[in-house]
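Note that ligands are numbered from 1 as they come in the structure, with each ligand's atoms numbered from 1 the same way. The basis for the numbers below is simple: all heavy atoms, side chains too, and nothing from hydrogens, waters or symmetry mates. Residues take their numbers from the sequence shown, with the count starting at 1.
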Amino acid sequence: AKVFKMAQRLNAPDGGSKKNSTVRVAVRLRPYMNRQDEKGEGPCVRGLDSQNLEIINWRNATETVKYHFDAFHGEQTSQQEVFLSSVKPILPHILNGQNASVFAYGPTGAGKTHTMLGTREQPGVIPRAVREVFNLVNAKDEDEGWDYRIGMSYLEIYNEKVLDLLSPSSQDLPIREDKDKNILIPGLTNTTISSFSDFDKHFVPATLNRTTASTKLNQRSSRSHAILLIKVVRTQRTVPHRQQTGKLYLVDLAGSEDNRRTGNQGIRLKESGAINLSLFALSKVVDALNSATAGRVPYRDSKLTRLLQDSLGGSAHSVMITNIAPEYKYYFDTFTALNFAAKSKLVVNKPFTRETVAVPVLPAKRPREEHEGGGSGSA
Ligand code: ADP
Ligand code: MG
């Protein structure tokens with residue numbers, strides 16, 4: 001095993017500033033796996049404490065480079081701990097008409113899907129967050145005078161195409177912006193859900209569809225961005241029937257590995273181009289948000305950043321969980337991922353509440369399924 005020695009350069013790229021930022025940058029290191037380390041080299045990255053980790057410096061293997069983040073989750077960290085520290089605190093905001101996003105970033109094999117989805121025994125962020133949203137809504141005091149409706153959409157961005165996973169036969173959907181700068185996808189299925197099991201009923205088959213397709217189409221799940229949207233619309237029971245919409249995006253990003261090194265050809269190469277485009281756009285957006293001078297934020301450079309526009313930077317509570325793996329074969333991808341994450345630390349979000357006045361709500365029957373449109377007050 002390699003010897004770790006602390007490098008002199010302890011300058012974490014985030015500089016430790018921006019303590020008031022509502023963007024939380026967490027790194028999660030998955031457990032070391034023997035089968036991922038054929039040469040038996042041992043791990044090349046390890047945690048130091050709850051905020052710091054170090055990785056061997058490839059220029060000088062006796063040195064390490066140290067990184068500082070809002071949170072570092074070591075290999076022993078449970079799914080529950082990740083949820084409690086990085087996700088649960090932002091959820092109350094979506095009941096107040098604010099937006100939030102949680103995204104898992106990192107190379108294929110580093111634990112993004114484990115973190116977001118998990119297993120039946122070890123459920124990840126998605127099932128835990130959905131349960132918590134229902135808990136929060138159910139705990140609301142009737143006397144506050146709001147009615148809540150929870151809806152879900154589930155989509156995939158694959159080769160720069162937006163595909164509705166709740167309506168698998170649908171074609172590439174357009175992304176639009178309304179006059180209040182809300183991003184919406186006309187035609188995207190938005191299904192009202194009344195409980196966690198109701199959510200599961202719609203989500204599980206859609207996820208299975210995606211997994212089946214992935215084995216057929218060669219790991220499609222690592223080559224597309226899977227995006228779950230939970231929308232909470234609350235409407236005041238009395239005049240003026242104020243209405244607020246809060247959106248929560250839960251995103252399992254495509255693998256961030258450098259596809260040029262894996263010698264992809266044909267369809268794989270086209271996919272790689274789309275992934276590189278969108279993840280590069282994401283890093284540019286993050287950089288633009290980081291820079292002190294308010295320049296143009298290039299949200300329009302990819303479908304992913306366009307979609308996240310109202311939920312990353314400026315108006316939202318965002319959490320990025322960067323997943324990394326400890327084995328040497330991931331070394332350069334880990335380095336890239338850490339540098340991406342360290343930059344993101346500087347994103348500044350200024351949360352504000354979205355509010356519109358709704359047309360008086362008639363106590364009519366509510367459709368179980370509806371489609372998003374450009375209608376008043378919906379986002
Ligand atoms: P990704 O979605 O980033 O490609 P996965 O979530 O599929 O990665 O994880 C790759 C493998 O590592 C899977 O077998 C998964 O079960 C395992 N794994 C990932 N993270 C953890 C963890 N924190 N604890 C235990 N096993 C993990
Ligand atoms: Mg995955």
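Which parts of ligand 1 touch G111 is read off a 4.0 Å heavy-atom cut-off, strictly below it: atoms 1 (P), 3 (O), 5 (P), 6 (O), 8 (O), 9 (O), 19 (C), 20 (N). For ligand 1, the atoms closer than 4.0 angstrom to any heavy atom of R28 are 23 (N). Residue-ligand proximity, P107 to ligand 1, at heavy-atom distances under 4.0 Å covers atoms 3 (O). Within ligand 1, the atoms closer than 4.0 Å to a non-hydrogen atom of K112 are 1 (P), 2 (O), 3 (O), 4 (O), 6 (O), 8 (O), numbered from 1 in the order shown. Near T108, the atoms of ligand 1 lying under 4.0 angstrom from a non-hydrogen atom of the residue are 4 (O).
Relative orientation of the Y67 and F69 rings is parallel, given thresholds of 30° and 60° on the angle between their planes. The aromatic rings of F335 and Y331 are tilted relative to each other, their planes meeting at an angle between 30° and 60°.
Here S222 does not reach the Mg ion (ligand 2): none of its N/O/S atoms is less than 2.8 Å from the metal.
Atom 24 (N) of ligand 1 has as its closest protein heavy atom P31 CD, 3.4 Å. The nearest heavy-atom contact from the protein to atom 14 (O) of ligand 1 is R35 NH2, 4.1 Å. Regarding atom 7 (O) of ligand 1, its nearest protein heavy-atom neighbour is T113 CB, 4.3 Å.
For atom 17 (C) of ligand 1, a protein heavy-atom neighbour is present inside the 4.0 Å cut-off.
From I94, atom CD1 reaches atom CD of Q244 across 12.5 Å, with rounding to the nearest 0.5 Å. Distance CD/Q122 to OG1/T115: 10.5 Å, rounded to 0.5 Å.
Here the closest non-hydrogen pair linking M152 and I193 is SD-CG2, 3.8 Å.
L53 and V25 fall within the same hydrophobic cluster, defined by Ile, Leu, Val, Met, Phe, Trp and Tyr side-chain heavy atoms under 4.5 Å apart, directly or through other members.
Remark: side-chain polar atoms of Q243 are not paired, donor with acceptor, to backbone N or O of V233 under 3.5 angstrom. Of the possible donor and acceptor atoms, none in the side chain of R223 sits under 3.5 Å from a partner among the backbone N and O of N159.
Within the 4.0 Å heavy-atom shell around ligand 1 one does not find G106. Contact between S222 and ligand 1 is absent, with no heavy atom of the residue lying under 4.0 Å from the ligand.
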side-chain hydrogen bond (donor to acceptor under 3.5 Å, both in side chains) assessment of N57 paired with T64: CA-CA 5 Å; N57 182 5; T64 67; over 6 Å; no
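By the neighbour-count criterion of 12 heavy atoms within 6.0 Å, atom CD of E144 is densely surrounded, having more than that number from other residues, nucleotides or ligands.
Considering both main-chain and side-chain atoms, H114 comes within under 3.5 Å of ligand 1 through a nitrogen or oxygen pair. No N or O atom of M33 sits closer than 3.5 Å to an N or O atom of ligand 1. Annotation: G109 places an N or O atom under 3.5 Å from an N or O atom of ligand 1; distance criterion only.
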